[in-house]
Trainee: 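Got a structure for you, written out below as structure tokens; questions coming shortly.
Numbers restart at 1 for each chain; the letters A, B, ... are given by sequence-line order, proteins then strands.
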Amino acid sequence: MAKFYITTSIPYVNARPHIGHALEFVQADAIARYKKINGHGAFLTTGTDENSLKSVISAQKLGISAEELCRSNSKLFKDMSSAVGLSYDAFVRTSVDKEHMKTVQEFWAKCSESGDIYKKKYGGLYCVGCELFYTEGELIGGLCPEHHTKPEFVEEENYFFRLSKYEKRVMDAIEGNAVQILPQERRAEVINFIKSGLEDFSVSRSVERAHGWGLHVPGDDTQVIYVWFDALVSYLTGAGFSRDKDLFRRLWPADIHVIGKGIVRFHAVYWIAMLMSAGVELPKSILVHGYVTVDGQKMSKSIGNVVDPIAISAKYGQDAVRYYLLKEISTFQDGDFSEKALKDALNNELAGNLGNFINRTFTFIGSRMGGSIKELEMDEGRLVIDEAGKIAAEVDGLMARCQLGMALMKIMEISNIGNRYLQSNEPWKLADVDERAAREVLFACATLCRMIGILVYPFMPGAAERMLGYIGEKPSGYGKAVEIPASFSIKEHGILFKKIE
RNA sequence: AGCGAGGUAGGGUAGCCUGGAGUGCCCGCCGGGCUCAUAACCCGGAGAUCGGAGGUUCAAAUCCUUCUCUCGCUACCA
């Protein structure tokens, strides 16, 4: 049975979800839905990363327990998932999910059995205020960039992971595209990084330094597992690593990890080596998106321009937000979010162009054709359908390469073709002179509407379902998009996208 | 500093690999048309020395060299 396993990264819970998180969720979801609808039995895992020291510190600042902070913020991420329509199959909460804890410890044990985990003294410049180690380069004038105090040298015995041992094998996996990294620039970055040599890294912290928060190292109560080691393993947890061996065998290896550019190394180097060590198959690809600015500025609390995806979805609708994120923001590069641009996209492109095309077609069939229309010999209509069909094929090709924005742009072209076709043939005039010719135009337009509905489903599932519902259909595989139905019978239809303001 | 990516009309992009009239798309702007439709839609127009300079070529946004500017990565940091 075909399968497709896809993951999002699991966000930290020390802050609320922002539009950047939404971008990643929506990208992953669009790919997952595309696969699902085309018969690939997609399975999507997401979750929240809760075992970080930052959870404790943020909770302290708020005067609540870490458990409470994790619970409430994790819920916000779940809320955001429904707000943007992320159709996940597993949601891993790393601090409460028993399966996850079990998986992490099993995974740790496997790496340990391979002889890749050992104890070593680790010393570094430690800022008591931040409760973090800093590298020389991060300090400003030898002082902590946050607190402007001089960090002290602290030594601690930690467990280390033998990353160095896997240098060559990781390089081979990346260079040989056993693990494919998209886009190419990121792949080059990773290769460059590996070339500079891989050093072992610390995979545990003392319980004191972690404030007792986090998962214990198996057989050592004085140490907790480093958050990265823990968070990455959530991908296995979601797939059923220790819960359901059959499921795991079917799902793993992951087909795509969708991540942000800031965490490429952890996935493309650390994670790959960890999996090698544990004797688990490698993920097939890693899709790296960029960061989102807001009105041209970096999002930050101090500027106060952090965009809340839940609120924005409530205001403009899930489909419009998904449309904007997927089309206006490049799949791979940084992009900008502005509420004005979102509103313009909704009003002009979704309502004006797409929604209006659907509406004028179906309304006309309703008022002049008695609500239904049968296939007939077509001449120009056939050409128009073929032209749109070519675009549909291109969309499929773009999706296969995860070119989401381009694919969506192509779909919108079909709506353009439809509007143009209507305008140049004027069926509202034609119907009085040549009823058959008018029917041909409308039949072709209805075919385009259906095509759009099927193609657009991964991007805007809600709108697609409504669109197809007007003709009594449900979303289906892309192969069906180019079929020409024997007839259309228009059910009641409403306004697909309402303009705002 | 090293490595990587990029600089195309007011803004955002595609085209570059596999040279062939600046070719396309979205937003914005100007003019016209239409009235089936969500004051939507359609057509036309203005606006670019395709970052600068050299070179290869009958021909360069596209290939080569160089300069310049922007951005990313350079280890324990979501």
Trainee: Need the pair for B:C76. Rule: Watson-Crick or G-U wobble, both distances under 3.5 Å, any strand; none if unpaired.
Mentor: none
Trainee: Taking CE from A:Met406 and C1' from B:U13, how many angstroms apart are they, rounded to a whole number?
Mentor: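 The distance from CE of A:Met406 to C1' of B:U13 comes to 10 Å, rounded to the nearest Å.
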Trainee: Between A:Ile272 and A:Met276, is there a side-chain heavy-atom distance shorter than 4.5 Å?
Mentor: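 A side-chain contact under 4.5 Å exists here.
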Trainee: Does B:A40 have OP1 or OP2 sitting under 4.0 Å from an N or O in the side chain of A:Lys499?
Mentor: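 So the side chain of A:Lys499 is within the cut-off, an N or O lying under 4.0 Å from OP1 or OP2 of B:A40.
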Trainee: Only one of A:Leu325, A:Leu404, A:Val258 clears side-chain contact (heavy atoms from CB on, under 4.5 Å) with A:Val26; which?
Mentor: A:Leu325
Trainee: Look at the side-chain N and O atoms of A:Trp228 and state whether any lies under 4.0 Å from the OP1 or OP2 oxygen of B:A78.
Mentor: yes
Trainee: Give a yes/no answer on whether the side chain of A:Arg186 brings an N or O atom under 4.0 Å of OP1 or OP2 in B:G4.
Mentor: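 Result: no.
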Trainee: Answer yes or no: is there a side-chain heavy-atom contact under 4.5 Å between A:Tyr88 and A:Phe25?
Mentor: no
Trainee: For A:Ser424 and A:Glu199, take the nucleotide of RNA chain B holding the closest heavy atom to each; which residue's nucleotide lies nearer the 5' end?
Mentor: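 Nearer the 5' end of the strand: A:Ser424.
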Trainee: Ignoring the backbone of A:Lys429, work out which of B:U35, B:C3, B:C36 is nearest its side chain.
Mentor: B:U35
Trainee: Of all the nucleotides listed (B:C43, B:C34, B:G72), which has the minimum atom distance to the side chain of A:Arg420?
Mentor: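 Nearest nucleotide to the side chain: B:C43.
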Trainee: Once you round it to whole Å, what is the distance between P of B:C26 and CD1 of A:Ile414?
Mentor: 14 Å
Trainee: Compare side-chain N and O positions of A:Asn416 against OP1 and OP2 of B:C42 and report whether any pair is under 4.0 Å apart.
Mentor: yes
Trainee: Between P on B:C41 and CG on A:Asn347, what's the gap in Å once rounded to a whole number?
Mentor: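 After rounding, the reported distance stands at 11 Å.
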Trainee: Check every atom of B:C73, B:C36, B:A75 against the side chain of A:Tyr270 and return the nucleotide holding the closest atom.
Mentor: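 The nucleotide sitting nearest to the side chain is B:A75.
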Trainee: Measure from CG on A:Asn353 to C1' on B:U38 and round the result to the nearest Å.
Mentor: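 So the two atoms are 12 Å apart, to the nearest Å.
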Trainee: Using both distances under 3.5 Å as the test, list the Watson-Crick or G-U wobble partner of B:G44, or none.
Mentor: B:C30
Trainee: Is the phosphate of B:A78 approached by A:Lys54 (side-chain N or O, under 4.0 Å from OP1 or OP2)?
Mentor: yes
Trainee: OP1 or OP2 of B:G28 sitting under 4.0 Å from any side-chain N/O of A:Asn348?
Mentor: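 Yes, such a contact exists.
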Trainee: Using OP1 and OP2 only, check whether a side-chain N or O of A:Lys410 sits under 4.0 Å from B:A14.
Mentor: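 False: A:Lys410 side-chain N/O out of range (4.0 Å or more) of B:A14 OP1/OP2.
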Trainee: Which of these nucleotides, B:C76, B:C34, B:A78, is closest to any side-chain atom of A:Tyr226?
Mentor: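 Comparing B:C76, B:C34, B:A78 against the side chain of A:Tyr226, the answer is B:C76.
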Trainee: How are the rings of A:Phe266 and A:Trp228 set to each other: parallel, tilted or perpendicular (split at 30° and 60°)?
Mentor: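 Geometry flag for A:Trp228 against A:Phe266: parallel rings.
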Trainee: Using atom CD of A:Glu394 as one end and atom C1' of B:G15 as the other, report the distance to the nearest whole Å.
Mentor: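 Atom CD in A:Glu394 sits about 14 Å away from atom C1' in B:G15.
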Trainee: Using both distances under 3.5 Å as the test, list the Watson-Crick or G-U wobble partner of B:A14, or none.
Mentor: B:U23
Trainee: Could you tell me if A:Lys54 sits above the aromatic ring of A:Tyr12, with its cationic atom closer than 6.0 Å to the ring centre and no more than 45 degrees from the axis?
Mentor: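 Not satisfied by the 6.0 Å and 45° rule.
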Trainee: Closest to the A:Ile10 side chain: B:U38, B:G72, B:A78?
Mentor: B:A78
Trainee: Any idea which of B:A78, B:A37, B:C76 is nearest the A:Ser9 side chain?
Mentor: B:A78
Trainee: Applying the Watson-Crick and G-U wobble criteria at under 3.5 Å, what pairs with B:U49? Answer none if nothing qualifies.
Mentor: none
Trainee: Using whole Å, report how far CZ of A:Phe364 lies from P of B:C34.
Mentor: 18 Å
Trainee: Name the orientation class of the two ring planes belonging to A:Phe77 and A:His21 (parallel below 30°, tilted from 30 to 60°, perpendicular beyond 60°).
Mentor: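 Answer is perpendicular, since the angle exceeds 60°.
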Trainee: Looking at B:U56, which nucleotide sits across from it as a Watson-Crick or G-U wobble partner, both distances under 3.5 angstrom, or is there none?
Mentor: none
Trainee: Heavy-atom nearest nucleotide on RNA chain B for A:Asn419 versus A:Asp344: which residue maps closer to 5'?
Mentor: A:Asp344
Trainee: Pairing check on B:G4: which nucleotide meets the Watson-Crick or G-U wobble criteria with it, both distances under 3.5 Å?
Mentor: B:C71
Trainee: So does A:Asn359 reach the base of B:A37 with its side chain, donor to acceptor, closer than 3.5 Å?
Mentor: no
Trainee: Using whole Å, report how far CZ of A:Phe362 lies from C1' of B:C36.
Mentor: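 Value for this atom pair: 14 Å.
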